[in-house]
Amino acid sequence: MSYGPMHRKEDARFIRGRGNYTDDVRLPGMLYGAILRSPHAHARIVSVDTSAAEAHPKVRAVITGQTLAGLNLAWMPTLSQDTQAVLATDKVRFQGQEVAFVVAEDAYSARDALELIDVEYEPLDAVIDARNALDPGAPVIRDDLEGRTGNHIFDWEAGDRARTDALFEQAEVTVAQDMIYPRVHPAPLETCGALADFDKVTGKLTVWCPTQAPHAHRTLYAMVAGLPEHKIRVISPDIGGGFGGKVGIYPGYVCAIVGSIVTGKPVKWMEDRSENLMSTAFARDYHMRGEVAATRDGRIQAIRVKVLADHGAFNGTAQPTKFPAGFFHVFSGSYDIEAAHCEVTGVYTNKAPGGVAYACSFRVTEAVYLVERMVDVLAAELGLDPAELRMRNLLKPEQFPYTSPTGWEYDSGDYPKALRLAMDMAGYDKLRAEQADKRARGELMGIGVSFFTEAVGAGPRKHMDILGLGMADGAELRVHPTGKAVLRVSCQSQGQGHETTFAQIVGQELGIPADDVEVVHGDTDQTPFGLGTYGSRSTPVSGAAAALVSRKVRDRAKIVAAAMLEASPDDLEWADGKWSVVGDPSAGRSMAEIALAAHSNLELPDGVEGHLDAVTVYNPPNLTYPFGAYICVVDVDPGTGQVKVRRFVAVDDCGVRINPMIVEGQIHGGLADGVGMALMQVMAFDEDGNHLGASFMDYLLPTAMECPSWELGATVTPSPTHPIGAKGVGESATVGSPAAVVNAVVDALGPYGVRHADMPLTPANVWRVVNGDPFRTDLAIP
Amino acid sequence: MQVPATFEYERADSVTHALELLERYGPEARVVAGGHSLIPMMKLRLAQPEALIDINGLAAELGRIAVEGGELAIGALVRHAELLESATATDLFPIFRDAERVIADPIVRNRGTVGGSLCQGDPSEDLSAVFAALRATAVIQGPGGTRTVPVRLFHEGPYETAVGPGELLIQLRVPVAPGTGSAYEKVERRVGDWPVAAAGAVLRVEDGVIAQAGIGLTAVGAAHFCAPEAEEHLTGRPPGAEAFAEAGRIAAEHCAPSADQRGPADYKRHLAAELTRRALATAAGRI
Amino acid sequence: MRITVTVNGQPYTRDVEPRLLLVHFLRDELDLTGTHWGCDTSNCGVCTVQLDGVPVKSCTVLAVMADGHEVTTVEGLERDGELDAVQKGFVECHGLQCGFCTPGMLLTARWLLDRNPDPDEGQIREAISGQLCRCTGYENIVRSIRWAAEAGR
């Protein structure tokens, strides 16, 4: 009764400008922080002179790496069992790295004082191209780590190498393709920042911060700073977009906390846009070589991949501990493939740390891009239509649950149905006819297809943890005497609309209007523990917890209702939002009536204390596996290389849709991301490690003009493991769409014999590709 | 957020007053109008003027668009949005509409000014190529009165213009002649971006042959934002695809693009030719 | 420097540094935190407010430049408890997710409709092309503004 389109509860404040983002929070006596950053990608710090800054009349404190070293806080653990400098002590290892922190009476003075700090650097050779990181003579970036003589971080593999290799040896057809998924940045419009308030009297630390994982932050602060966890409160207020970039803890957060401890005042630090792009979590930066073995009639038999993963100067990727390459090994995609094998090597370079971040479902993005590009490369080799080739190889509905060659258990799906729907919506055959006509006239039109399977909702606790914290989520539900409910959850919305969707879940389960359910989130003192919102896990995990805690309440309500009806609970049934005696629905008791009774003097059976509330922890038995079929149509100007996305058809299956309006909004946003990454977004570096995308003038994000009017379709295959059959959708479109756009552009360039082109397909790169001379999109243009 | 360093601020209430203020504060003062080039530079602390002289209040003197004495006069304080919406300007010279629609974005265009764009002297600026193609004249006022400088001599190098210390660009004047067509073609990485390359073309045809051609180029290292060799090639020829293509080729040959994140030099040179050809063809169709 | 700026119909007089950006004047001096900031280079447009009825990016306008002028922020759209049609449209059509770009989008939408009560999709897209949204893919923003146009007929 509560599922379906429903206006968002959140909107009332946002449309009035009454959202409450971190920089909107003000405290009496608040001071302001600013960070001095390294201009060099790699340099030894000879000296740091802060005397002039300290003499600035409005400066209250200047904190350096040495200050922090005295507190044992100069280094902090990353989410990948590495360490990261909070403020550099020995060397700087990427351009934009944090060197000193100024606390001043106002934000402008803090900025002014940065110019008064004198740092002497001794520049060192930098490792910028990941392909050179393992060269014998390469500069060693992490000489802080004991015994470290090179830039190698890890080797990791998945799948069956022997079986895969054997299939390749016997294959009728093999294709191979090198490709880069370049370094990109999630670039939420709100940058990162923190307001820290340490109360010396009570010993309580409160941190306002736009974090996607407030509880994980609290625990990590306790571990890092040695503060007792019950004296730490993390408040994640409204967040101006996250997309994965607001999962980790950044040095600035720690600096703000130290600044507050040192000065005894609240300290706010908000990074500017250049700081955001230069130092917070990047995504991708995978250099991949894909190979596919197939029969001549287009039956894909095996796929193998080698990846060189650029992790930057500190290994800070945010993924479950057992998975150093995230979920990349889901790269066999949506196809019935006998064997698969991947090898991933992670290396240090003189670039910002991070990785995974950006709506990628723990590197499913890279995996889907790889396999979907490879299928098109194979189609070109075989002279087959790429949609037809996919149709021949897609998993069939009867194969589910399906265990992939690398061990994933896909829960459910009807893949051919989704692809057929997308082709029907697009008018695929007509598009191909139009393309043929245009080609005859020398015009370039391309049709790109991609099919993706997502793996979201991390995750089963026994397989998935972050820094030892299992990825299960709590939920608490309390029904007030008048039948209004408050749900407390651990995950934190960055725009996904949890206050609405989760209220709908509870409303549906309890038979009350969603408007009668308040969702509390984003405050660790107010909510149960859980790992947060990323990897499309809110609905799959916290949403499931919301449903299950509601069912617990409903079961307790049944006992109360039985007492009210003077019947045995065994004789009651739940129908139309009421508990009633089987066969006598007219005398049913609504949740509001039961709630009042539960708080009244009604005599309850032994073992039921009264009131109406419950808590739960949801430990998902498996991931959920949303999927979809995308078709993109582009026109390319052969004289200039400009690409225009004309149409984009997206059929998504994310299981049961709680609020279809919100689901579609999530998909729209992800599709725009895909267009952005495919056509313009990239963080490239010159040979000295200068960041060439350090502002929105050069890190280009798509506007309304580059985005077509998205055409959405849906199929619904409920998840068999999720209590309400939902699968999660936040990242599906970001995962699935880049390949569709690139496939479309490469398809358009078919007359030139082009089989691959790396993102982003800027006009310059398209023109170079057409002329047989593509450039490395991750490095400065030669 | 990035913030500027401190500076003195003065608001001019007339051109004369602005000139007085410029004299009083000397060479470390900067004139600010829309501020969309200067203020970001100040926030990055790449520019740290000691004083800003705000001329936003001089619309009565500097904000007019009118045809007078056979010339289209455009005040230096005319906002991009005003030029875009001026039927007087765009009916005479559609090149203004073509160019203004792709300069920055509608919100920036509400604030940024024609004069500010030219005075910034950015080698990738669009209107510099437009006015070069139009063979406009810049009117500069100083303590001793006004002087005029052909726009093709206005830019003396990257970020350097003919506007001297104590002077103010007050107007651009564009000769109006019958039989003229104009157009602007730009390739950008994304809407609102600076050009990868762009070309403007102005053609005046008399008796079936090109009496005068104007070609403006930006972001490709063309000296003074123009292509005189290509213009010369066109003069006296009938307008046509072949002549336009050849003019594009010549224009590309004489420019000196450099590689950056918008594209490699060879691509920009290619665009110089391609966009010149396209702009000429469109301009010819508009006569 | 002493300035008086009329914001949402109410005059405010403050002593400010000349370098104070209008966005900070609104947020920090007047506590009108509905106007956000998102970049430093006038690219993202989340700081958009109306200056004398015309949308401008307030991160690139000095507060002193607004002296004697009228500013409208998102807080000024609702009149006498009645939401502006563009505010209603964004709710009706799910034109916002994280809400960070929303105030700027609303002010541009209002300006567009004041000048062109019946804009088509292309005109709407062009009008908001100087403002980034990372959540909606723009689709529902366009629909929201169309909804407001229809509502205003």
Side-chain angles (χ1 to χ4, degrees), chain A residues 5 7-8 10-21 23-24 26 106-108 186-191 238-243 270 272-274 276 493-497 661-662 664-673 675 695-697 700-705 707 709-710 712 733, chain C residues 17 19-20 24 27-28 31-46 73-78 83-84 86-88 90-103 106 121-122 124-143:
Chain A
H7 293 155
R8 296 200 324 166
E10 293 87 341
D11 293 354
R13 62 180 187 272
F14 291 133
I15 57 158
R16 291 171 171 87
R18 291 181 56 187
N20 187 36
Y21 302 90
D23 196 28
D24 300 342
R26 282 111 214 275
D106 63 82
Y108 282 42
L189 289 180
E190 180 203 31
T191 60
D238 288 324
I239 300 182
F243 315 109
M270 292 299 301
D272 66 34
R273 180 54 60 188
S274 293
N276 176 252
S493 170
Q494 314 122 47
Q496 293 92 336
M661 177 191 85
I662 287 178
E664 292 192 356
Q666 295 285 298
I667 295 167
H668 290 154
L671 295 174
D673 272 336
V675 167
S695 79
F696 279 168
M697 295 178 76
L700 300 175
L701 298 164
T703 76
M705 300 295 275
C707 295
S709 183
W710 315 108
L712 303 193
Chain C
E17 274 194 283
R19 64 172 170 163
L20 183 69
H24 290 142
R27 290 177 53 81
D28 299 336
D31 238 1
L32 294 170
T33 55
T35 303
H36 305 138
W37 59 269
C39 73
D40 303 289
T41 46
S42 76
N43 294 97
C44 80
V46 305
T73 69
V74 65
E75 289 92 344
L77 281 173
E78 187 176 5
L83 290 174
D84 190 287
V86 296
Q87 292 173 302
K88 293 180 189 165
F90 273 64
V91 175
E92 288 293 330
C93 301
H94 190 29
L96 67 151
Q97 290 179 30
C98 81
F100 207 69
C101 74
T102 311
L106 291 171
E121 182 190 330
I124 294 171
R125 286 182 182 273
E126 190 171 344
I128 61 170
S129 64
Q131 289 159 274
L132 298 174
C133 171
R134 302 286 292 131
C135 299
T136 66
Y138 305 102
E139 181 79 27
N140 286 345
I141 295 180
V142 174
R143 289 182 195 169

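Fair warning: this is a prediction, and the values are worked out from it, not measured in the lab. In what follows, chains carry the letters A, B, and so on, assigned in the order in which the sequence lines appear, proteins first and then strands, with residues in each chain numbered from 1.
For chain A, the option among C:Val142, C:Leu83, C:Ile124 with the highest count of heavy-atom pairs below 4.5 Å is C:Leu83. Between chain A and the options C:Pro103, C:Gly34, C:Cys39, heavy-atom pairs under 4.5 Å are most frequent for C:Cys39. The choice from A:Ser493, A:Ser695, A:Ala187, A:Gly670 that makes the most heavy-atom pairs within less than 4.5 Å of chain C is A:Ala187. Each of C:Thr102, C:Leu96, C:Thr73, C:Val74 has some count of heavy-atom pairs under 4.5 Å with chain A, and the biggest count is that of C:Leu96. Ranked by heavy-atom pairs under 4.5 Å with chain C, the first of A:Pro188, A:Gly19, A:Ala107, A:Gly240 is A:Gly240. Of the listed residues (C:Gln131, C:Lys88, C:His24, C:Glu92), the greatest number of heavy-atom pairs within a distance under 4.5 Å of chain A belongs to C:Glu92. For the options C:Asp84, C:Val86, C:Asp28, heavy-atom pairs under 4.5 Å to chain A are most numerous at C:Asp28.
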Please lay out, stage by stage, how C:Arg27 and A:Arg26 fare under the test side-chain contact (heavy atoms from CB on, under 4.5 Å). CA-CA 11 Å; C:Arg27 290 177 53 81; A:Arg26 282 111 214 275; 3.6 Å; yes
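A heavy-atom distance below 4.5 Å is not found between the side chains of A:Glu190 and C:Cys98.
Looking at A:Ser709, both its backbone and its side chain come within 4.5 Å of chain C, counting heavy atoms on both sides. Within the 4.5 angstrom heavy-atom criterion, no atom of A:Ala12 approaches chain C. Of the two parts of A:Asn276, neither the backbone nor the side chain holds a non-hydrogen atom closer than 4.5 Å to a non-hydrogen atom of chain C. For C:Cys133, the part lying near chain A is the backbone, with the side chain staying farther off; criterion is any non-hydrogen pair under 4.5 Å. Residue A:Leu671 does not touch chain C at all, counting heavy-atom pairs closer than 4.5 Å. Proximity to chain A is limited to the backbone of C:Thr136, based on heavy atoms less than 4.5 angstrom apart. In this structure, chain C has heavy atoms under 4.5 Å from both the backbone and the side chain of A:Ile662. C:Leu106 touches chain A through its side chain: at least one heavy atom from C-beta onward sits under 4.5 Å away, while N, CA, C and O do not. Proximity to chain C is absent for every atom of A:Asp238, based on heavy atoms less than 4.5 angstrom apart. C:Val46 touches chain A through its side chain: at least one heavy atom from C-beta onward sits under 4.5 Å away, while N, CA, C and O do not. For A:Pro5, no part sits under 4.5 Å from any heavy atom of chain C, backbone or side chain.
Here the side chain of A:Arg273 pairs a donor or acceptor atom with the backbone of C:Gly38 at under 3.5 angstrom. Put simply, the side chain of C:Glu139 never gets that close to the backbone of A:His668: no donor and acceptor are under 3.5 Å apart. In this structure, the side chain of C:Tyr138 does not engage the main chain of A:Ala672 through any donor-acceptor pair within 3.5 Å. Formation of a donor-acceptor pair under 3.5 Å by the A:Asp11 side chain with backbone atoms of C:His94 is not found in this model. Judged by distance alone, with hydrogens and angles left aside, the side-chain atoms of C:Arg125 form a donor-acceptor pair with the main-chain N or O of A:Ala704 at under 3.5 Å. A:Arg16 contributes no side-chain N or O that, together with a main-chain N or O of C:Glu78, makes up a donor-acceptor pair within less than 3.5 Å.
Of all non-hydrogen atoms in C:Gln87 and A:Ile15, the two that sit nearest each other are NE2-O, 2.8 Å. Heavy atoms only, all atoms of each residue included: A:Gly665 and C:Asn140 are closest at CA-ND2, 4.3 Å. Nearest approach of C:Phe100 to A:Tyr21, heavy atoms of both residues: N-OH, 3.4 Å. Shortest non-hydrogen contact noted between C:Trp37 and A:Thr191 is CH2-OG1, 3.6 Å. Minimum heavy-atom separation, A:Phe14 to C:Gly99: CG-CA, 4.0 Å.
Atom SG of C:Cys135 is separated from atom CG of A:Leu189 by 7.5 Å, given to the nearest 0.5 angstrom. One distance of note links CG of C:Leu132 with CG of A:Leu701; it measures 5.5 Å at 0.5 Å rounding.
Relative to the ring axis of A:Tyr108, C:Arg19 does not place its NZ or CZ within 45° and under 6.0 Å from the centre.
If you check the side chains of C:Gln97 and A:Gln666, you find a donor sitting under 3.5 Å from an acceptor.
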